[in-house]
Each structure stands twice: as structure tokens, then as C-alpha cells.
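Throughout, protein chains are lettered first and strands after them, A, B, ... in sequence-line order, and every chain is numbered starting at 1.
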2 protein chains.
Amino acid sequence: MAAHPKTSSTTRRKNDPESVQADILAVAMREFSEKGLSGARIDEIAEKTRASKRMIYYYFKDKETLYLHTLEAAYQKVRLQEAELDLDHLAPLEALSRLVRFTFRHHVQNPDFIRLVMIENIHHGRYLAQSALIQSLNAGVIDVLTSVYARGVAEGYFREGLDPRELHWLISALSFFNVSNQHTFSRIFDWQQAAPENQRKLEDHVAEMVLRYVRLDEANPQK
Amino acid sequence: MAAHPKTSSTTRRKNDPESVQADILAVAMREFSEKGLSGARIDEIAEKTRASKRMIYYYFKDKETLYLHTLEAAYQKVRLQEAELDLDHLAPLEALSRLVRFTFRHHVQNPDFIRLVMIENIHHGRYLAQSALIQSLNAGVIDVLTSVYARGVAEGYFREGLDPRELHWLISALSFFNVSNQHTFSRIFDWQQAAPENQRKLEDHVAEMVLRYVRLDEANPQK
DNA sequence: GACTGAACGTACCATTTCGTACATTGTTTT
DNA sequence: AAAACAATGTACGAAATGGTACGTTCAGTC
């Protein structure tokens, strides 16, 4: 179709480094998130890739470096999705509720990312610590929450004295656990946690929990 | 020192199977929780044991079986500690608060166990599913919470309609996340989460969060 | 004290797995 | 078109790793 393979910038070349690297990263993401850093096999990643094992080492030096790049790519992808959220035009209560529900669902929709974070925690965050990129990416995540909370306090809906970072911690904890511990929790308590109706319930609970925590107690104001 | 090595039941024998097995399990616990199922090395476990590699296979068949036994031992140990909690003599609000704070601290004090559960979730709970022992051990964990909640509702302190299992889920989520994601959270938000004063704050937040969620709203009763 | 089965040590094997040497093809620049 | 560099394929090496064969010692029994 493309008449001029030489001039077009979107040429389908025989050598296509960028797409090869992207392909490797995509496969690595699946493998690492499924089996961990030590459990994943370079040979298996190579097999599932359009490229060969040689290419993995050519572009990513070694297994650990590939893992680090995978982690960075995962964070980038997720943070990009999060940036789409726009809450400034909503009333504080509604905005906070939306934020919580968004976070909850967002975690559910990115189980691979959650698993990578679990794995990274097993490694004591050693690789994340090496990445200035990830640090900078996440710096701004709290800003949204900070502004919503500030508005809520100013307009008299939220109680004062809460730390947005700790608030974010609470929301993250509930959303993260929902994905990370699904398997053990479901099996131990014989409860189909992943079932849609239970997920809906949990989302409601989480949202209500956060709101009750932040909302000004109507009975005795400013307590 | 022991004069009659043959008759004494606490004899220090040359062959001591039980202590060998216990020793292997203890080392395996440390290694598996630190490095995961695929990351842990049988040779390394053997080295750190009083016994030899031969003994590991003699008593535990293979790596996966050893891992399963380690998981079972870990659950047993933790559930035993939990059983010490006695809340029946306390008022519902106080009892619930105690339960939450106990759970929170208990998780902090058993990081190895938390890591094992994380690892088991990475493996989709495949090994836990094989263990009837663990299933039975955990069946009763919710009972304490169920009775406290029932008393709280009956005495008019708690609102109705909450599922104790879901309540347990909330408490677990907050306590678990506090340990499981310490590393990534601390590094990303440049916050010393493990610092004693921050741990105290988080424990307070978690306790208050759960109480606010369960407590009857004084402003509009039974809503 | 001989016998038997459990408990244990040593050395080793087969495979897996990360990583690389070497050769080849594609692409761009001059 | 020829040189120069980037991209890729194939085959292989060396170490790590799970697991076992084989032999020995210990402890209770007849």
C-alpha cells in the first residue's frame, strides 16, 4: 500500500527497533507480572516475542535492567491513564467520591501493574529506588487529592487537619488490597470476591468509608 | 549433663527428627518469605540449616511441598497468636477499636507472614488451595468480629446491615497494605512510613476510619 | 549382640538458565 | 557504491540448581 517506503515516516521497515523494543517490553510485562523477577525466564520471553533472545540483551543489557524498564513502562502507562481524571468542576463531596471510585476501578483494570508493584515490594523496592523517572512521575499524583480536599475544607464539607498523603494512603490501601489479595481472601473465606456483585458492594463500601472518614460530623461540627 | 540419655524424654539425641524438621521449616520460612518460591534456593536453605540438603528432600519431598508446609506453619503460628485476644468483656465500641488496633499491630509484627501471603497471591493462591489445614484454621477468624458486631448492633452503637466478612475485609486491607506496600509507598512519596510516629498516626487513622464506618450516625439515627 | 528400619552425609547427575561469541543482513551516509 | 554502523540470527558456554544414588550411622527390638 505505502508507495514510498523510503520517505514515509510510518514506513514498515524490515528493521524496526522501536516496535521490537515495545514488543519485548509488552511480553516482559506479562511474564514478570505473572511470575516475578526470579520466576520469569528470559528464554520464554524471547519465545513469545517477535524478536530473539539476542535482541533482549542487545536493547536491555540483562534481566534486571529489563525488569527495571518494564517497571518504568508500567508506571508510565498507569499514570497516563490517571491523568485523564478531571474533578475541578465538581462539588467536593462528589469529586472525592468520584476519585475513590475511579481509583478502585482503575486498580481492578490493571492487575498486571498491581502484581508488578507487589513483586517490587517483595524486592524491598530496590529497583524502584534506582529509577528517577518513577519518582518524578508519581510526585504529582497527590496534587489532585490535595486540591479537592482543600476545597472541601474551605466550603465546609470536610473536617480539617487531615493529611492528603495519608488520605491517599487510605484510598490506595483499599483499592490495592482488593486486587492484590483476591486469591487468598476468596479461598480462605469461600467468597467469590471477584464476582461483579461483590465488586460493586466493595466499591460502595470503600467509597462510603472514605467519605465518612473525611466528611464533617454533622452532629458536632468541627470535631 | 544428662545422666540417662536413654530414659529421659528430653534427651539430646544424635538423631532428632522433630527438631531437624522444625529447623528446616524455620529457615525455609525466612528464605521463602524473603525471596519467594522461585527465588529461594534449596542449597541455600540447606546451608543455613543444621541439617543437609538430603534431609530437606527426605522430610519434605520437593521444593513445592516444602513451600506448602512452610505456608501452613506460618498460618498456624499467626492464628495461634490471634486466638489470645479476648474481647467479650468489653463494650462494643471499645472492643472493635481494640480488635482493629490489635490486627494492625499484629500485621506489623509479622512481616514474614505478610510477605508469604503476598507471594502466595502472586501464585494465585494455588498452594493455599491445596491445604485443607489452612482453610479450617481461618474459618473461625471472623467469629470474633461477628459477635462484637452483633453486640454493637443489639446495644444500639453500630448501624445495621453490615456484613462481618466485609468488615473484616476492610480491617485486613488497611493493616495488610501498611506492611505489604511499605517500600514502594515510602519511596514514591518520600515518606518514612515505617517511622514510629507515622505508624502511630496510621494506626489511629485506621481505627478511627473503621469506627466511623460502623458507628451509628448520631445526627440521623438508623441511616 | 544380631537385625531392622529410620535418620543422615557425600558425591554426583541432568537440566535449566543467564549470558555471549561470531557471523550476517539491513540502512544510512558520503 | 562503498564504507560504517545498526539490527538481527544461531549456536554455544559456564554456572547454578533441583533432585537422586549410594553408602553409613543410630536406636530400638528379639
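Rounded to an integer number of Å, the gap from Ile45(A) CD1 to dC18(C) C1' is 12 Å. Atom CD in Gln21(B) sits roughly 13 Å away from atom P in dA6(C) (whole-Å rounding). Whole-Å rounding puts the Ile56(B) CD1 to dG9(C) C1' distance at 13 Å. Atom pair Asp43(B):CG and dT16(C):P shows a separation of 17 Å (rounding to whole Å applied). One can place CD1 of Ile42(A) at 14 Å from C1' of dT20(C), the figure rounded to the nearest angstrom. For the pair Asp16(B) CG and dA6(C) P, the computed distance is 17 Å after rounding to whole Å. Whole-Å rounding puts the Met55(A) CE to dT10(D) C1' distance at 12 Å. Straight-line distance from the CZ atom of Arg54(B) to the P atom of dT24(D): 15 Å, rounded to whole Å.
Of the possible polar contacts, none joining the His168(B) side chain to the Pro164(B) backbone as a donor-acceptor pair under 3.5 Å is found.
Under the 4.5 Å side-chain criterion, counting only non-hydrogen atoms from C-beta, Ile119(A) is not in contact with Leu71(A). Counting heavy atoms from C-beta on, the side chains of Leu116(A) and Tyr67(A) come closer than 4.5 Å. Side-chain atoms of Asn181(B) and Gln193(B), non-hydrogen and from C-beta on, never get closer than 4.5 Å to each other.
Residue contacts for Ala46(B): at a heavy-atom cut-off of 4.0 Å it reaches no nucleic acid atom on any strand shown. Phe60(B) comes within 4.0 angstrom of no nucleic acid atom, judged by non-hydrogen atoms across all strands. Among the protein residues, Arg41(A) comes within range of the sugar-phosphate backbone only, with heavy atoms under 4.0 Å from sugar or phosphate atoms but none that close to a base.
Picking from dG19(C), dG18(D), dC22(D) the nucleotide with the shortest atom distance to the side chain of Lys63(B) gives dG18(D). Distances from the side chain of Val20(A) to the nucleotides dC18(C), dT10(C), dT8(D) place dT8(D) closest. With distances taken from any side-chain atom of Pro17(B) to the nucleotides dA7(C), dT8(D), dT10(C), the minimum falls on dA7(C). In this structure, of dG19(D), dC8(C), dT8(D), it is dG19(D) that holds the atom nearest to the side chain of Tyr57(B).
In this model, the phosphate group of dG9(D) is approached by a side-chain N or O of Ser52(A) to a distance below 4.0 Å at OP1 or OP2. For the OP1/OP2 pair of dC8(C) and a distance below 4.0 Å, the side-chain nitrogens and oxygens of Tyr58(B) include no atom meeting the criterion. Regarding contacts with the backbone of dC8(C), a side-chain N or O of Tyr59(B) is found under 4.0 angstrom from either OP1 or OP2.
The base of dG19(C) sits within donor-acceptor range of the side chain of Lys53(A), with an N or O pair under 3.5 Å.
By the 30° and 60° cut-offs, the orientation of the rings of Tyr127(A) relative to His123(A) is perpendicular.
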